[in-house]
Student: 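Supplied in structure tokens, the structure appears directly below.
None of the values given here were measured: they were computed from a predicted structure.
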Amino acid sequence: ILLLNRDMKVVVTGASGLLGRAVYSMLCERGLEVTGVGFRRAQPPLLKCDLTDSSQIKQLFKSIQPDVVVHCAAERRPDEVDKNFDSAQLVNVGATENIVESCAAGKSHLIHLSTDYVFDGTSPPYGPTAIPNPVNKYGVLKLESEKKVQSGGLTDWTIIRVPVLFGKTSDLSESAVTVIFKQLLDSRTGEVVKINDLERRYPTYCEDVAEFIVGLLAVLESGEKDRVCGVLHFTGSTCLTKFGMARLMVDLTGIDAKFSADSGAKSSVSRPFDCHLSTTMLSERNLDHKTTPLENALKTVLSPFLA
């Protein structure tokens, strides 16, 4: 286990969300001085803060003076971004701009979470320097937020692009991976559910991303910030369509679900075909990026719903 300086002050935004919860609790376990920030779902000990309001962020930074900010808060649902573009822009771009401004003023290191959806999915694998070309509005906004980080006058910044995430949850709908299991459970007493068998995905476990971020903080603290700064890619290693994920879930849980493969792309929002992220640079920089086998992670996350 990496030894971290207990004096390092960290703010985690989106700490009531899927990834933010994992990052927040892991940093707390390691004994750091962590402040978790949420909004709609924030319950103590998390602080409630509207990140789209720059005065609230300035106040937060003034009272905490963080060394590092891990910015997980975002509207991550492409369909939601399409439906409510203006509010998604405020959350994904406006809030990022506010955080960048406060990080620049306080000389905090910003770790900003982004997505594989900045790419069009036509020529994988994608390294950190590959040219982004998003095919939907969610990807456009996340790319815009990356640009705010890169051009915001920060001394030190890290952007971590990740693919579709899943993790421990009380609500299967919280992730585009676990919602498949919800559909499978419902199919036992309902209609046959058709599941997309087209786009390739790399489901990534939130605990692994959190572990990776803890590792980055340890490297930062050792004074080797060059290894951490810039754009980094982190990904799960198993490639599956959503139908492939459904088959794996049925194999792991033994539930009697009724489902079939759907190869027609009928989604209201276009999605990239294969955005496999290359992690070669992590190996080159000697950054630990191990991942939990997908079967093990899914068992952990799905087992509470089998009771």
Student: Taking the side chain as every heavy atom from C-beta outward, state whether E207 and K168 have any atom pair closer than 4.5 Å.
Tutor: yes

Student: My understanding is that only one of T235, D120, D274 makes a side-chain hydrogen bond (donor to acceptor under 3.5 Å, both in side chains) with Y126; could you say which?
Tutor: D120

Student: Could you go step by step and tell me if D53 and S55 meet the side-chain hydrogen bond (donor to acceptor under 3.5 Å, both in side chains) rule?
Tutor: CA-CA 6 Å; D53 177 348; S55 63; 2.6 Å; yes

Student: Just checking R227: does its CZ atom have more than 12 heavy atoms from other residues, nucleotides or ligands closer to it than 6.0 angstrom?
Tutor: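 For R227, atom CZ is crowded (more than 12 foreign heavy atoms under 6.0 Å).
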
Student: Do E199 and C275 come within less than 4.5 Å of each other through their side chains, counting heavy atoms only?
Tutor: no

Student: Which heavy-atom pair separates N92 from E75 by the least distance, and what is that distance?
Tutor: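 Minimum heavy-atom separation between N92 and E75: OD1-N, 2.7 Å.
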
Student: Can you tell which of V149, L60, V69 makes a side chain to side chain contact (heavy atoms under 4.5 Å, CB included) with I99?
Tutor: V69

Student: Just so I know, are the side chains of V209 and I213 near enough to count as touching, which here means a heavy-atom distance under 4.5 Å?
Tutor: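 Yes, their side chains come closer than 4.5 Å.
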
Student: I want to check a possible cation-pi pair here: K48 against F39, using under 6.0 Å from ring centre and within 45° of the ring axis as the test.
Tutor: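 That pair qualifies as a cation-pi contact.
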
Student: Identify the two heavy atoms, one from S108 and one from F61, that lie closest to each other, and give their separation to 0.1 Å.
Tutor: OG-CE2, 3.9 Å

Student: So does R30 pair up with E211, basic N to acidic O under 4.0 Å?
Tutor: yes

Student: Could you check whether the rings of F119 and H233 sit parallel, tilted or perpendicular, using 30° and 60° as the cut-offs?
Tutor: perpendicular

Student: Given T292 and T300, is the side chain to side chain contact (heavy atoms under 4.5 Å, CB included) satisfied, shown in steps?
Tutor: CA-CA 11 Å; T292 307; T300 301; over 6 Å; no

Student: Taking the side chain as C-beta and beyond, is there a heavy-atom pair between P134 and K142 under 4.5 Å?
Tutor: no

Student: Give the minimum heavy-atom separation between P128 and S278, together with the two atoms involved.
Tutor: CD-O, 4.5 Å

Student: Are L298 and L165 co-members of a hydrophobic cluster defined by side-chain heavy atoms under 4.5 Å apart?
Tutor: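 L165 does not cluster with L298.
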
Student: Taking all non-hydrogen atoms of both residues, which atom of S263 and which atom of D197 are closest, and how far apart?
Tutor: OG-CB, 4.1 Å

Student: Are V164 and L18 grouped together when hydrophobic residues (ILVMFWY) are joined by side-chain heavy atoms under 4.5 angstrom apart?
Tutor: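 Different clusters: V164 never reaches L18 through Ile, Leu, Val, Met, Phe, Trp or Tyr contacts under 4.5 Å.
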
Student: When you measure from the side chain of T241 to the backbone of G244, do you find a donor-acceptor pair of N or O atoms at a distance under 3.5 Å?
Tutor: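 Such a contact is found between T241 side chain and G244 backbone.
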
Student: Indicate if L240 and Y205 have the same hydrophobic cluster label, given that clusters are the connected sets of ILVMFWY residues with side-chain heavy-atom separations under 4.5 angstrom.
Tutor: yes

Student: Rounded to the nearest 0.5 Å, what's the gap from OG on S102 to CD1 on I64? Could you check?
Tutor: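 The CD1 atom of I64 is 11.0 Å from OG of S102, to the nearest 0.5 Å.
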
Student: Thinking salt bridges, do E101 and K58 make one under a 4.0 Å N-O criterion?
Tutor: yes

Student: Report yes if some heavy atom in the side chain of F181 is under 4.5 Å from a heavy atom in the side chain of I255; otherwise report no.
Tutor: yes

Student: Under the criterion side chain to side chain contact (heavy atoms under 4.5 Å, CB included), I'd like the reasoning laid out for F259 against V250: C-alpha separation, chi angles, the key distance, then a yes or no.
Tutor: CA-CA 10 Å; F259 65 109; V250 168; 3.7 Å; yes

Student: With the side chain counted from C-beta on, respond yes when I195 and L184 share a heavy-atom pair under 4.5 Å apart, and no when they do not.
Tutor: yes

Student: Out of the candidates L294, I180, L302, only one should pair with F166 under the side chain to side chain contact (heavy atoms under 4.5 Å, CB included) rule; please name it.
Tutor: L294

Student: For the CG atom of N84 and the CG atom of L90, what is their distance to the nearest 0.5 Å?
Tutor: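 So the CG of N84 and the CG of L90 are separated by 11.5 Å.
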
Student: Verify side chain to side chain contact (heavy atoms under 4.5 Å, CB included) between L220 and L216, making sure each step is shown before the conclusion.
Tutor: CA-CA 6 Å; L220 267 182; L216 295 185; 5.7 Å; no

Student: Is it the case that one hydrophobic cluster holds both V68 and F234, taking links as side-chain heavy atoms less than 4.5 Å apart, direct or via other members?
Tutor: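 Hydrophobic grouping puts V68 with F234.
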
Student: Looking only at heavy atoms, what is the nearest atom pair of C239 and R200, with distance?
Tutor: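 Where C239 meets R200 most closely, the heavy atoms are SG-CB, 3.7 Å.
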
Student: For the backbone of L287 and the side chain of H289, can you confirm whether one donor and one acceptor N or O come within less than 3.5 Å of each other?
Tutor: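 Pair found, side chain donor or acceptor close to backbone of L287.
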
Student: Could you please spell out the steps behind the salt bridge (charged side-chain N to carboxylate O under 4.0 Å, His left out) verdict for D79 and R271?
Tutor: CA-CA 10 Å; D79 299 273; R271 283 165 164 79; 2.8 Å; yes

Student: Cation-pi check, K137 to F85: give yes when NZ or CZ is under 6.0 Å from the six-membered ring centre and within 45° of the ring axis, no otherwise.
Tutor: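 Here K137 passes the 6.0 Å and 45° test against F85.
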
Student: Would you say the side-chain atoms of R188 pair up with the backbone N or O of A257, donor to acceptor, closer than 3.5 Å?
Tutor: no

Student: Go through V177 and M249 one step at a time and tell me if the side chain to side chain contact (heavy atoms under 4.5 Å, CB included) criterion holds.
Tutor: CA-CA 10 Å; V177 175; M249 289 172 187; 3.8 Å; yes

Student: Heavy atoms, side chains only, cut-off 4.5 Å: are L46 and Y24 in contact?
Tutor: yes

Student: So with a 6.0 Å cut-off around CG of D256, is the heavy-atom count from everything else above 12?
Tutor: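 No, because the 6.0 Å sphere around CG of D256 holds 12 heavy atoms or fewer from other groups.
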
Student: Quick one: does T204's side chain have a donor or acceptor within less than 3.5 Å of a partner on P163's backbone?
Tutor: no

Student: So how far is it from H71 NE2 to W157 CH2, rounded to the nearest 0.5 Å?
Tutor: 14.5 Å

Student: Between OG1 of T13 and CD1 of I111, what distance do you get to the nearest 0.5 Å?
Tutor: 11.5 Å

Student: If you count the non-hydrogen atoms of other residues, nucleotides and ligands that lie under 6.0 Å from NZ in K147, is the total more than 12?
Tutor: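 No - once you tally the heavy atoms of other residues, nucleotides and ligands closer than 6.0 Å, there are 12 at most.
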
Student: Calculate, to the nearest 0.5 Å, the distance between atoms OG and NE2 belonging to S123 and H276 respectively.
Tutor: 13.5 Å

Student: Are L282 and L277 joined in one hydrophobic group, where the rule is that I, L, V, M, F, W and Y side chains link up if heavy atoms are under 4.5 Å apart?
Tutor: no

Student: Minimum heavy-atom separation for K148 to V100, with atom names?
Tutor: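 Nearest heavy atoms, K148 then V100: O-CG1, 3.7 Å.
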
Student: Are N136 and V81 side-chain neighbours, meaning at least one heavy-atom pair lies under 4.5 Å?
Tutor: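 No, their side chains stay 4.5 Å or more apart.
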
Student: As an exercise, state the distance from CG of L51 to CD of E97, rounded to the nearest 0.5 Å.
Tutor: 13.5 Å

